[in-house]
Colleague: 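Below are the structure tokens for one structure; questions will follow.
Values below: all heavy atoms of this structure, side chains included; hydrogens, waters and symmetry mates excluded.
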There are 2 protein chains.
Amino acid sequence: MASVKDVARLAGVSPMTVSRALNTPEKVNPETLARVLQAVERLNYVPSLSARQIRGGTSGGKTIGVLAFDTATTPFAVEMLLSLEQTAREHGWSVFILNVFETPPCPQVIDLLLSHRPDGIIFSAMQLRVLQVPAVLRDKPLVLSGCLSTEADIACYVPDDEEGQYCAVKQALERGYRRPLCINLPRHSLASTLRQQGLQRALTEAGIPLEAVPQYDISADDAYGETLDELRRRLSASNGKPDFDLLICGNDRIALVAYQYLLGCGLRIPEDVAVLGYDNMVGVAELFYPPLTTVQLPYYEMGRRATLHLIKEKHEPFIHRVPCPVISRQSW
Amino acid sequence: MASVKDVARLAGVSPMTVSRALNTPEKVNPETLARVLQAVERLNYVPSLSARQIRGGTSGGKTIGVLAFDTATTPFAVEMLLSLEQTAREHGWSVFILNVFETPPCPQVIDLLLSHRPDGIIFSAMQLRVLQVPAVLRDKPLVLSGCLSTEADIACYVPDDEEGQYCAVKQALERGYRRPLCINLPRHSLASTLRQQGLQRALTEAGIPLEAVPQYDISADDAYGETLDELRRRLSASNGKPDFDLLICGNDRIALVAYQYLLGCGLRIPEDVAVLGYDNMVGVAELFYPPLTTVQLPYYEMGRRATLHLIKEKHEPFIHRVPCPVISRQSW
DNA sequence: CTGTTAGCGCTTTCAG
DNA sequence: CTGAAAGCGCTAACAG
């Protein structure tokens, strides 16, 4: 590819003038500038980022290295990566994403990341979890997006699951639903614990005793079968007429399975039983029949804020909880 | 960050020896090697990719620049990007992904791509479409993944929609289904045309006249409402008993809507009506009740082959059709 | 306003 | 087996 030298030769100037024409055009004689730009155009010249980077100057723009987890298992969450990239680009930064499939990432991948000499690092996971952060990464500005760290003094941006579940249940109760049934995420999961707290807070405020709401925790292995089984059990125990008026699901996938089962039993949503999801799976939640009321995991926001944290050089090394808005559709 | 010099000083050798220790360890005295590696370890030294790249040597490994389209609108297709990355890494190459939101991509993004001095370029889209390839990109080895080009002499890896639909319908007919109803993708779409051909081929082979199978083409605007309407119309025209035994859907989303509607009507799948999808949406198709039989869009394979095309420096500048396997689950 | 020099981190080439 | 010199593409600092 063409280099400054080539452009310089074609324009009949020194390489330095080419550099200036591109970086500080106001310091160049208009006529010279025109000649240079014309040469740039003709050669399709674009400065090499590597060369700029190596000089350490400001001209190249800064780079964020991203270690992305769970992209394979939670593809719907790519929005977070998109948002990182967009936000960075808006500020003249660029991102470099490395998808990783194990935690902690193998040294090989870490070296690859470091070999790009990023000015900041984002460690992201699309499912709420606690990650162990390799010590080497701590030498640079570092933020976690969508996950927590085993160490306390690292900035993290995570969904506010407690508040999200609280708001959703509160709204449901305000609409008059009184006998919820919960099909929760696996008990050991972080999100599950937080949401349970949110649920309890809403229940307590409404004067509903916790014991009055039946709960089932799925195991990680077979959400599908267990959801079906639990529903079948509940329904047959009450002769096909549900003894719950609101089904609170640990995520939209559980809600999807439940929907189909309920529909197949001749039950109407939300007249016979309302359904509440969690996640707001992009492009799917809208396709529920009727469209699913759910709580949104704020992937876009988390990505944006984590990126801005780096760009604005914020010094707030603690957990930032990002709101999970309730997306009210027709299933309640 | 530490550089060769730092390591050299600490190990008491010249920078050159450090370089050799890392790249051609067999040419270095074992004792010296050990000293160097120890220094490398202590300083967490990782060679700068930029510096390597700039030298143009072979040591740095090559880079593929990826222009990715549709990531936002077709999130479940990230598998293709993952596969690019994985395949490249397996061969010591690295990838650099730039998500783009408009076609053709704005010059700004193209320059960004070029500024990384990629050794090859992959233009990818996750929905089958014809893309206009900016002329500048044609200077380097170039492949399209998941999409076609307006120009003929560019290598493309795309799903074999015709064959995929053909196989699926053929299998359905072999199972005895005789009265299909189709709810197709929008008529103007590329995939729609190809699949129509596949459908017709299977029908013809089975001696079923095309006119005998009712087809509805959804518009791009409201797949949801139109699917529902069409089904409602069909069913009420025949007093709730479907006059079709197989519902062929343009994609899994249509199938999802249809599923819920059919289930809600008290119809059993597949006893009363079988359903066939297209796409095999990862993490969703399995959640259908019963699990959806569908045709898989070969995102992983397309990504892999496109990457290998570059790595192996293949000279086959034409359309490569990647098979779409039929994923047989329980909806037929 | 423009050019020269020097150096970023690395590795190829050539000498020891 | 090891080192010195030179240069990749670019730009900061200085000189003209």
Colleague: For a quick test of reading the model: is some side-chain N or O of B:Thr17 closer than 4.0 Å to OP1 or OP2 of D:dG3?
Modeller: yes
Colleague: Specify the separation, in whole Å, of atom CZ of A:Arg9 and atom C1' of D:dG9.
Modeller: 13 Å
Colleague: Which heavy atom of A:Val46 sits nearest a heavy atom of B:Ser115, and at what distance?
Modeller: CG1-CB, 3.7 Å
Colleague: Please name the pair of heavy atoms, one in A:Pro323 and one in A:Arg305, separated by the smallest distance, quoted to 0.1 Å.
Modeller: CD-NH2, 4.1 Å
Colleague: Minimum heavy-atom separation for B:Pro298 and B:Pro159, please, with both atom names.
Modeller: CD-CB, 3.8 Å
Colleague: Please state how far atom CD in A:Glu26 lies from atom P in C:dC1, giving the value in whole angstrom units.
Modeller: 10 Å
Colleague: Could you state the CD-P distance from B:Gln53 to C:dT11, rounded to the nearest angstrom?
Modeller: 12 Å
Colleague: Rounded to the nearest Å, what distance is computed from the NZ atom of residue B:Lys27 to the P atom of nucleotide C:dT11?
Modeller: 14 Å
Colleague: NA contact type, A:Thr32, heavy-atom cut-off 4.0 Å: base, sugar-phosphate, or nothing?
Modeller: sugar-phosphate
Colleague: Using a 4.0 Å cut-off on heavy atoms, which residues in residues 107-121 of chain B reach DNA chain C? List them by number, or say none.
Modeller: none
Colleague: Could you encode protein contacts along nucleotides 11-16 of chain D as a string, one character per nucleotide from 5' to 3', using B for base contact, S for sugar-phosphate-only contact and - for no contact, with a heavy-atom cut-off of under 4.0 Å?
Modeller: BBB---
Colleague: How many angstroms lie between atom CH2 of A:Trp93 and atom OG1 of A:Thr87, to the nearest 0.5 angstrom?
Modeller: 12.5 Å
Colleague: Got a second to check how far B:Leu49's CG is from B:Ser94's OG, nearest 0.5 Å?
Modeller: 6.0 Å
Colleague: If I compare all heavy atoms of A:Val18 with all of A:Val36, which pair ends up nearest, and what's the gap?
Modeller: CA-CG1, 4.0 Å
Colleague: For A:Lys5 and D:dC8, is the shortest distance between a side-chain N/O and OP1 or OP2 below 4.0 Å?
Modeller: yes
Colleague: Can you tell me how far C1' of C:dT2 sits from CD of A:Glu31, to the nearest Å?
Modeller: 14 Å
Colleague: Just checking, any donor-acceptor pair under 3.5 angstrom between side chains of B:Asn99 and A:Glu85?
Modeller: yes
Colleague: B:Val13 or B:Ala51: which one's nearest nucleotide on DNA chain D is closer to the 5' end?
Modeller: B:Val13
Colleague: Short question: side chain of B:Arg129, backbone of B:Cys147 - any donor-acceptor pair under 3.5 Å?
Modeller: no
